[in-house]
Amino acid sequence: MMALQGKVAVVTGAAQGLGKGFAEILLQNGAKVALLDINEKAGKELETQFNEAYGADRTHFYPVDVSSDQQFKDAFQKILSKFGQVDIFCNNAGIINEKQWEKTVSINLCGVVRGTYLALEHMKKENGGQGGVIVNVASLAGLGPLAQTPIYTATKFGVVGFTRALALASEVANYGVRINAMCPAFVRTPLIDSFNSEEQIGQFMGLADFTRSLMEKFPSLEVEEVSKGLLLLVKDDSLNGACLAMMRDGAGLVSFPKEIPKTPVAL
Ligand SMILES: NC(=O)c1ccc[n+]([C@@H]2O[C@H](COP(=O)([O-])OP(=O)(O)OC[C@H]3O[C@@H](n4cnc5c(N)ncnc54)[C@H](O)[C@@H]3O)[C@@H](O)[C@H]2O)c1
Ligand SMILES: CCCCC[C@H](O)/C=C/C=C\C=C\C=C\[C@@H](O)[C@@H](O)CCCC(=O)O
């Protein structure tokens, strides 16, 4: 198991919700944490709160829009200057907006790729790096479709596929970096209120009741529960290419079939 004492972690979308929970559990386990978020006010307030709670200079906030290549790169250089290294990188920032769908893709998928590649270039042994672990936050909607949010679903399937492919590349090329994905069902954060927002859901508002039925099938998790899942994916150094599905009735590592189940058809 990876010891977190003295390790340096980066969490995107850290100002609230799951990212805040992930940052806190990493601090509680001895890591220093760089908080990245587009919400500067909430990020600065959380930096102060965490430094008071866990010791001065254990946390630093960096205002970053993960859809901006330059902002992400500039912040990463500032993090290296301040902390000297990055051992853990959690790509968590994400939105739901089926109307501004290019924005959703740029944040949820392209933002994860940007963060992953920044971390990998720093961590991989062939570059003189010390190795490390990257956790990409997908969703249960990255394993099964969420009818009301086809674009969000596409981005989360993309995060799962990208994470699994890069984990395999890391194994084959011996990067010394583990890359895992988290696939939680509904979690009690501001994001899940999106299903009722015409501004975010647009043409799919008529499917709100279908999502409500799914919320009954998958009752909401608490941030604290999901944060324990993050800790597992970070600490268990046997896990690379793992997808942790999390629901209220339990969590499990997804077993992807070696062969795709198919029903034969005559062409
Ligand atoms: N809440 C759920 O039910 C649920 C379930 C599964 C997966 N997820 C995923 O977990 C992640 C976090 O979701 P949450 O529920 O905590 O949402 P949230 O809306 O509470 O928090 C998201 C955070 O990301 C930040 N953010 C948004 N756009 C950004 C950008 N362009 N650059 C930097 N930061 C940005 C926001 O300011 C906010 O602090 C998302 O990727 C989401 O898809 C959420
Ligand atoms: C509008 C609210 C969006 C919340 C997004 C957040 O990411 C939560 C997603 C939660 C659940 C997604 C469920 C998807 C369900 C189906 O695809 C189903 O086929 C999945 C089956 C999983 C299983 O039963 O093992």
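Whatever order the structure lists them in is the order used to number ligands and atoms, beginning at 1.
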Starting from [atom], find the nearest protein heavy-atom neighbour and note its residue, name and distance.
atom	value
atom 44 (C) of ligand 1	L191 CD2, 3.6 Å
atom 22 (C) of ligand 1	G94 O, 4.0 Å
atom 24 (O) of ligand 1	G13 CA, 3.4 Å
atom 42 (C) of ligand 1	Y152 OH, 3.6 Å
atom 6 (C) of ligand 1	P184 O, 3.2 Å
atom 19 (O) of ligand 1	Q16 NE2, 3.5 Å
atom 32 (N) of ligand 1	V66 N, 3.0 Å

Could you list the atoms of ligand 1 found under 4.0 angstrom from a heavy atom of [X]?
X	result
V64	32 (N), 33 (C)
A185	3 (O), 5 (C), 6 (C)
F186	3 (O)
G17	16 (O), 20 (O)
D65	30 (C), 31 (N), 32 (N)

Would you say [X] touches ligand 1, if touching means a heavy atom closer than 4.0 Å?
X	answer
T12	no
A14	no
A141	no

In terms of side-chain heavy atoms, does [X] have a donor or acceptor partner in [Y] at a distance below 3.5 Å?
X	Y	value
T12	N91	no
E98	Y152	no
Q71	Y62	no
R164	N180	no

I would like to know whether D87 and Q130 meet side-chain hydrogen bond (donor to acceptor under 3.5 Å, both in side chains); could you show each step before the answer? CA-CA 8 Å; D87 308 287; Q130 302 300 309; over 6 Å; no

Compute the ring centroids of F162 and Y117, then answer whether they are less than 6.0 Å apart.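 Ring centres of Y117 and F162 closer than 6.0 Å.
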
Less than 4.5 Å apart, any side-chain heavy atom of I192 and any of S220?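 The answer is yes; the side chains approach within 4.5 Å.
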
Does any non-hydrogen side-chain atom of M205 lie less than 4.5 Å from one of F195?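 Result no, sub-4.5 Å side-chain heavy-atom pair not found.
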
Which hydrophobic side chains are connected to V172, either touching it within the sub-4.5 Å cutoff or through other members that do?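 Answer for V172: L168.
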
What part of [X], side chain from CB on, backbone N/CA/C/O, both or neither, has a heavy atom under 4.0 Å from ligand 1?
X	result
I107	side chain
K156	side chain
I38	both
I192	side chain
I95	side chain

Could you walk me through whether T116 and L166 pass side chain to side chain contact (heavy atoms under 4.5 Å, CB included), step by step? CA-CA 9 Å; T116 300; L166 205 58; 3.3 Å; yes

Distance-only donor-acceptor pairs under 3.5 Å for side chains of residues 233-243, two or more places apart:
from : atom 1 : to   : atom 2 : distance (Å)
K235 : NZ     : M2   : O      : 3.4
D236 : OD1    : S238 : N      : 2.8
D236 : OD1    : S238 : OG     : 2.6
D236 : OD2    : S238 : OG     : 3.4
N240 : OD1    : I179 : N      : 2.8
N240 : ND2    : A167 : O      : 3.0

Ion pair check, D74 and K78, cut-off under 4.0 Å: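 Salt bridge flag = no for K78 with D74.
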
Hey, is E45 close enough to K41 for a salt bridge, meaning N to O under 4.0 Å?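 The answer is yes: the pair qualifies as a salt bridge.
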
Which residues share a salt bridge (Lys or Arg N to Asp or Glu O under 4.0 Å) with K99, sequence neighbours left out: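 K99 satisfies salt bridge (Lys or Arg N to Asp or Glu O under 4.0 Å) with E198 only.
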
Quick check: does N39 get an N/O under 3.5 Å from an N/O on ligand 1?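 N/O-N/O distance below 3.5 Å does not exist for this pair.
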
D37 N/O under 3.5 Å from ligand 1 N/O: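 Such a contact does occur with ligand 1.
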
Identify which of [options] has a heavy atom lying nearest to [atom].
atom	options	answer
atom 11 (C) of ligand 1	D193, T149, N108, N92	N92
atom 7 (C) of ligand 1	A138, G115, S67	A138
atom 2 (C) of ligand 1	V187, N136, V159	V187
atom 14 (P) of ligand 1	N91, L221, T189	T189

Determine whether S194 and Q200 satisfy the following criterion, side-chain hydrogen bond (donor to acceptor under 3.5 Å, both in side chains), listing intermediate values before the conclusion. CA-CA 6 Å; S194 311; Q200 289 173 267; 3.2 Å; yes

Show me the short polar-atom pairs for ligand 2: any N or O of it lying under 3.5 Å from a protein N or O, with distances only.
from     : atom 1 : to   : atom 2 : distance (Å)
ligand 2 : 7 (O)  : S139 : OG     : 2.6
ligand 2 : 7 (O)  : Y152 : OH     : 2.5
ligand 2 : 17 (O) : G144 : O      : 3.1
ligand 2 : 17 (O) : P145 : N      : 3.1
ligand 2 : 17 (O) : P145 : O      : 2.7

Evaluate Q148 against L214 for side chain to side chain contact (heavy atoms under 4.5 Å, CB included), listing each step before the verdict. CA-CA 11 Å; Q148 201 181 18; L214 272 180; over 6 Å; no

When you measure from the centre of the six-membered ring of Y175, is the NZ or CZ of K124 under 6.0 Å away and within 45° of the axis?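 Pair K124/Y175 counts as cation-pi.
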
How long is the straight-line distance from SG of C90 back to CE of M182, given to the nearest 0.5 Å?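 Answer for the CE-SG pair, M182 versus C90, is 7.5 Å.
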
